[in-house]
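Notes to accompany the following structure.
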Amino acid sequence: MKAKGKVIFFGEHAVVYGYTALSLPINLSTNVNIKKNDNLVIELKNLNKKLGFEEAKKDKDFRYVIKAIELLKVKEPFFLSVSSELPVSCGLGSSASVVVATIRALSKFFNLNLPKKEIAKLSHRVEREVQGKASITDTYTISYERALKIRNNEFSFIDEFEKTVREEKLYIAYVEEREMKTADLIKVVSEKEEKEEIFKEIEEITREALSSDVERIKELMLENHKLLDKLGVSTKGLNRVVRLAKKFGCGAKLTGAGGGGCVIILGDLNEEEKELIEKIVKSLYLA
Ligand SMILES: Nc1ncnc2c1ncn2[C@@H]1O[C@H](COP(=O)(O)OP(=O)(O)O)[C@@H](O)[C@H]1O
Ligand SMILES: C[C@@](O)(CCOP(=O)(O)O)CC(=O)O
Ligand SMILES: [Mg+2]
């Protein structure tokens, strides 16, 4: 079974403290296959790891898949394999994508017929229990596969916002590997004294974006990025890509927890501009 990834257009980190975030699903996905087997084996293809259940429980990289299996309390053994187009730990919700694809695959294999709402709830519980803190942004956007406005862990669909954004091309620049995981970056923000003032400014930007045209959305993305930089979750590499995208007349900002990872770029890039960006990033996707 498949599950997409996600980008956060506005409000990451603020959303963990009850402010608003706007998120969109993207067409990079994770695939989880399950087949009958004599014992429970899990394979993480992108990380070249294959372990039995007991061994996997000791390896950090398996924790999302293990927690999903434990929550569903499935009994019979099986062989479960994960492979994803999403670069790992770089803000595209790879963890949530793995969790949702795993729960969808378990639901199908064991004929649990879990409804979308239940899959979203279970996936969020997995992220929360593994990370210690997690808004519903990643897991709900990926479970429902629609653009969402999230606030205080409530959500509503914002198809109009997605339609406006989709008037332009959306690129994802995978800039650099993250030194820290999502949970660590959430901790960095929690120690920032001025975080509440910054969250309030991000909140204003996010609310304005909901009713803005695509040109204004591009400007607001750049403003949101500056505030994430003030929160301490951007890097020199991310800032460099944002500056270049701005020079090319695009909107741009880091997406997800930050600390490296990805920048989203909204607007049209000609071949030369794409080449200049590709020179300073690991990969550039059209999302
Ligand atoms: N392709 C994958 N295969 C197996 N596990 C994955 C994969 N992608 C992500 N994960 C799990 O999710 C973790 C990364 O989660 P996180 O730091 O939240 O990154 P992201 O910002 O992409 O959600 C990895 O350490 C691993 O446990
Ligand atoms: C930092 C945060 O707002 C987004 C994390 O996104 P990701 O795990 O980097 O894809 C945390 C959350 O909303 O769960
Ligand atoms: Mg994650």
Side-chain angles (χ1 to χ4, degrees), residues 2-26 28-33 42-51 56-57 59-68 80-102 123-142 148 150-153 155 172 174 177-190 195 199 202 206 224 228 231-234 238 254-264:
K2 282 185 179 300
K4 293 184 171 182
K6 72 88 187 64
V7 288
I8 297 182
F9 250 80
F10 292 96
E12 52 271 279
H13 284 293
V15 69
V16 180
Y17 291 79
Y19 293 90
T20 308
L22 308 181
S23 61
L24 260 68
I26 53 169
L28 295 172
S29 54
T30 300
N31 199 23
V32 172
N33 275 315
I42 303 166
E43 179 184 35
L44 306 182
K45 281 192 172 157
N46 305 84
L47 308 177
N48 293 319
K49 292 185 172 182
K50 181 157 72 173
L51 293 175
K57 280 204 275 196
D59 181 323
K60 268 184 97 174
D61 278 333
F62 288 77
R63 49 199 178 149
Y64 288 94
V65 176
I66 295 288
K67 182 57 79 178
L80 182 148
S81 160
V82 181
S83 93
S84 182
E85 296 165 327
L86 289 158
V88 181
S89 286
C90 66
L92 301 183
S94 69
S95 60
S97 182
V98 164
V99 171
V100 173
T102 300
S123 302
H124 178 235
R125 193 173 145 200
V126 169
E127 280 233 313
R128 202 181 49 233
E129 292 187 12
V130 169
Q131 286 169 197
K133 239 187 185 188
S135 76
I136 59 171
T137 311
D138 293 20
T139 43
Y140 276 60
T141 306
I142 293 168
L148 299 185
I150 313 260
R151 183 175 166 73
N152 275 328
N153 270 0
F155 72 98
I172 298 175
Y174 175 24
E177 286 200 12
R178 250 189 210 157
E179 280 90 51
M180 296 193 278
K181 293 267 182 240
T182 298
D184 311 324
L185 288 150
I186 290 173
K187 194 160 178 321
V188 163
V189 171
S190 69
K195 62 178 177 292
F199 290 156
I202 292 176
T206 304
N224 190 165
L228 288 164
L231 272 178
V233 295
S234 190
L238 295 173
L254 74 85
T255 184
C262 297
V263 164
I264 49 175

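In listed order, ligands and their atoms are each counted from 1.
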Any donor-acceptor pair under 3.5 Å from [X] side chain to [Y] backbone:
X	Y	result
Lys67	Phe62	no
Asn224	Gly11	yes
Asp59	Ala56	no
Glu12	Ala257	no
Thr255	Ile8	yes

Which of the atoms in ligand 2, numbered in the order shown and given with their element, are less than 4.0 Å from a heavy-atom of [X]?
X	result
Lys6	6 (O), 7 (P), 10 (O)
Gly256	6 (O), 9 (O)
Thr182	5 (C), 7 (P), 8 (O), 9 (O)
Val15	3 (O), 13 (O)
Gly93	10 (O)

Please classify the [X] to ligand 2 contact at 4.0 Å (heavy-atom distances, strictly less than): side chain, backbone, both or neither.
X	value
Leu185	neither
Val16	side chain
Arg178	side chain

Exercise. Which of these, Ile172, Asn46, Ile26, sits in a side chain to side chain contact (heavy atoms under 4.5 Å, CB included) with Leu86?
Worked result: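 Among Ile172, Asn46, Ile26, the one meeting side chain to side chain contact (heavy atoms under 4.5 Å, CB included) with Leu86 is Ile26.
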Problem set entry | Any N/O pair His13/ligand 2 closer than 3.5 Å |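 Checking ligand 2 against His13, an N or O pair does fall under 3.5 Å apart.
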Problem set entry | Contact check: Asp138 vs ligand 2, nitrogen or oxygen atoms, below 3.5 angstrom |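 Asp138 vs ligand 2: N/O contact under 3.5 Å present.
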Exercise. How far is atom 13 (O) of ligand 2 from its nearest protein heavy atom, and which residue and atom name does that atom have?
Worked result: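 Going by distance alone, atom 13 (O) of ligand 2 is nearest to Ser135 OG, 2.6 Å.
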For this session: Do me a favour and list the nearest non-hydrogen protein atom to atom 4 (C) of ligand 2 with residue, atom name and distance?
Result: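 Of every protein heavy atom, Ile8 CD1, 3.8 Å lies nearest to atom 4 (C) of ligand 2.
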Problem set entry | Check: Thr30/Ser97 side-chain N/O donor and acceptor closer than 3.5 Å |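 The answer is yes; a qualifying pair exists.
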Exercise. Can you find a heavy atom in the side chain of Ser135 that is under 4.5 Å from one in the side chain of Asn153?
Worked result: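 Side-chain contact under 4.5 Å: yes.
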For this session: Evaluate the ring planes of His124 and Tyr140, with Trp represented by its six-membered ring, and classify them as parallel (under 30°), tilted (30 to 60°) or perpendicular (over 60°).
Result: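 Answer is perpendicular, since the angle exceeds 60°.
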For this session: Return yes when atom CD of Glu177 has more than 12 non-hydrogen atoms of other residues, nucleotides or ligands closer than 6.0 Å, and no otherwise.
Result: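 Not more than 12 within 6.0 Å, no.
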Exercise. Around ligand 1, what residues show up once you keep those with a heavy atom under 4.0 Å from it?
Worked result: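 Ligand 1 is contacted, at a heavy-atom distance under 4.0 Å, by Leu44, Asn46, Leu47, Lys60, Asp61, Tyr64, Val82, Ser84, Val88, Ser89, Cys90, Gly91, Gly93, Ser94, Ser95, Val98, Gln131, Arg178, Lys181, Thr182.
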Exercise. Out of curiosity, Leu22 CG to Ile150 CD1, how far, rounded to the nearest 0.5 Å?
Worked result: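 Leu22 atom CG to Ile150 atom CD1 measures 9.0 Å (nearest 0.5 Å).
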Exercise. Between atom CG of Asp184 and atom CD of Gln131, what is the distance when rounded to the nearest 0.5 Å?
Worked result: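 Here the interatomic distance stands at 10.0 Å.
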For this session: Examine Ser95 and say whether one of its N/O/S atoms is closer to the Mg ion (ligand 3) than 2.8 Å.
Result: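 Yes - counting backbone and side chain alike, Ser95 has an N, O or S atom under 2.8 Å.
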